[in-house]
Amino acid sequence: MVTEPVLENRGAQNYVAIRKRVNMNDIPAVLPPLIPEVITWLNENNLNAAGLCFFHYEAMTNHDELDVAVGLLVPEPVMGNGHMVTGAFPAGRYASILYTGDYQNMMEGHKALEDWISNNGLQEMRQNTDEGIKWGGRTEFYLTDPDTEPDPEKWKTEIIFLMEDL
């Protein structure tokens, strides 16, 4: 189930993450285990998360591999260590949609947001390269912790895309 998409301006948001290249089919096995690793690193460095965990889809290669940053928002910029990278989602205009349901069906949320953007004459920030597509801000923020809510049909995820200024 998805909500009606919305368009809103957001401020910059700092994050700490681990970047990983992964085949789309391997996302469920490879990416979720990185979240506890980021949390452990934050705790070991006496840093607090300022928000939700996320998967930030940075690029997709011509071979259906995705470059993904798996991380958490933090209140201030921090220094990474090579394995742990830091950055910020840029301030800008974002289209978002709320998807409710099992993560394995989340493509329906992405597709609904893509269709809404296209039907409203908007354009997602993206760049086609020789290697594939680079996205400006295609991200899933996980609003429900599966450890506290066992029913996948109740899991909520905010899907956001950074938009081009037209």
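Computed from a predicted structure; not experimentally measured.
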Take Ile27 and Tyr57 through the test side-chain contact (heavy atoms from CB on, under 4.5 Å) and record every step on the way to the result. CA-CA 11 Å; Ile27 289 173; Tyr57 299 93; 4.1 Å; yes
Test side-chain contact (heavy atoms from CB on, under 4.5 Å) on Asn9 and Arg93 and set out the steps. CA-CA 4 Å; Asn9 290 318; Arg93 191 168 60 137; 3.5 Å; yes
Should Glu8 and Met163 be marked as a side-chain contact (heavy atoms from CB on, under 4.5 Å) after you check the CA-CA gap, both sets of side-chain angles, and the distance that decides it? CA-CA 10 Å; Glu8 63 185 336; Met163 306 305 295; over 6 Å; no
Trace of the side-chain contact (heavy atoms from CB on, under 4.5 Å) decision for Lys20 with Val30: CA-CA 9 Å; Lys20 193 78 164 173; Val30 174; 3.9 Å; yes
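In this structure Asp67 satisfies the side chain to side chain donor-acceptor pair (under 3.5 Å) test together with Arg21, sequence neighbours excluded. For Tyr142, the ring-ring contact (aromatic ring centres under 6.0 Å, His included) partners two or more places apart in sequence, or in a different chain, are Phe55, Tyr103. Among residues two or more places apart in sequence or in another chain, the side chain to side chain donor-acceptor pair (under 3.5 Å) test is passed with His63 by none. Under the rule for a side chain to side chain donor-acceptor pair (under 3.5 Å), Asp26 has no partner lying at least two apart in sequence or in another chain. Looking at residues two or more places apart in sequence or on another chain, you find a salt bridge (Lys or Arg N to Asp or Glu O under 4.0 Å) between Asp115 and Lys111. Scanning for ring-ring contact (aromatic ring centres under 6.0 Å, His included) contacts around Trp135 gives an empty result, with sequence neighbours left out. Residues passing the side chain to side chain donor-acceptor pair (under 3.5 Å) test with Ser96: none are found, sequence neighbours excluded.
Evaluation of the ring pair (Phe, Tyr, Trp, His ring centres under 6.0 Å) test over residues 104-128, restricted to residues two or more places apart or in two chains, returns His110-Phe161. Here salt bridge (charged side-chain N to carboxylate O under 4.0 Å, His left out) pairs that include residues 150-163, with residues two or more places apart or in two chains, are Arg10-Glu158. Pairs passing the salt bridge (charged side-chain N to carboxylate O under 4.0 Å, His left out) check and including a residue from residues 53-65, sequence neighbours excluded, read Arg19-Glu58.
When all heavy atoms of Ile117 and Glu124 are compared, the pair lying nearest together is CG2-N, 4.1 Å. The two residues Val2 and Gly109 make their nearest non-hydrogen contact at CG1-CA, 3.7 Å. In terms of heavy atoms, Pro75 sits closest to Ala49 at CD-C, 4.5 Å. Looking at every heavy atom in both residues, Met106 comes nearest to Thr157 through SD-CG2, 3.6 Å. When all heavy atoms are compared, the tightest approach of Asp145 to Asp147 is OD1-N, 2.8 Å.
Annotation for Leu98: hydrophobic cluster partners, listed by chain and number, are Tyr15, Leu52, Phe54, Leu73, Phe89, Tyr94, Met125, Phe141, Leu143, Ile160, Leu162 (ILVMFWY side-chain heavy atoms under 4.5 Å, direct or chained).
There is no side-chain donor-acceptor pair under 3.5 Å between Tyr99 and Glu140.
Contact check for Val16 versus Val85: no side-chain heavy atoms found under the 4.5 Å cut-off. Taking the side chain as every heavy atom from C-beta outward, His83 and Glu37 approach each other to under 4.5 Å. Between Arg126 and Lys134 there is no side-chain heavy-atom pair separated by less than 4.5 Å. Counting heavy atoms from C-beta outward, Asn14 and Thr86 have side chains that stay 4.5 Å or more apart. With a 4.5 Å cut-off on side-chain heavy atoms, Ile35 and Val70 count as touching. Met84 is not listed as a side-chain neighbour of Met79, based on a closest heavy-atom distance of 4.5 Å or more.
Both Leu7 and Leu113 are assigned to one and the same hydrophobic cluster, defined by single-linkage of ILVMFWY side chains at heavy-atom distances under 4.5 Å. Tracing side-chain contacts under 4.5 Å through hydrophobic residues (I, L, V, M, F, W, Y), one reaches Leu72 starting from Val78; they form part of the same cluster.
Listed for the Asn23 side chain is a donor-acceptor partner under 3.5 Å among the backbone atoms of Asn25.
Here Leu34 contributes atom CG and Ile18 contributes atom CD1; the two are 5.0 Å apart, rounded to the nearest 0.5 Å. Once rounded to the nearest 0.5 Å, the distance linking CD of Glu114 with CG of Leu122 reads 13.5 Å.
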Could you pull out every donor-acceptor pair under 3.5 Å between side chains of residues 38-47 and any protein atom, sequence neighbours left out?
{"residue": "Thr40", "atom": "OG1", "partner": "Pro36", "partner atom": "O", "Å": "2.9"}
{"residue": "Asn43", "atom": "ND2", "partner": "Ile39", "partner atom": "O", "Å": "3.4"}
{"residue": "Asn45", "atom": "ND2", "partner": "Trp41", "partner atom": "O", "Å": "2.8"}

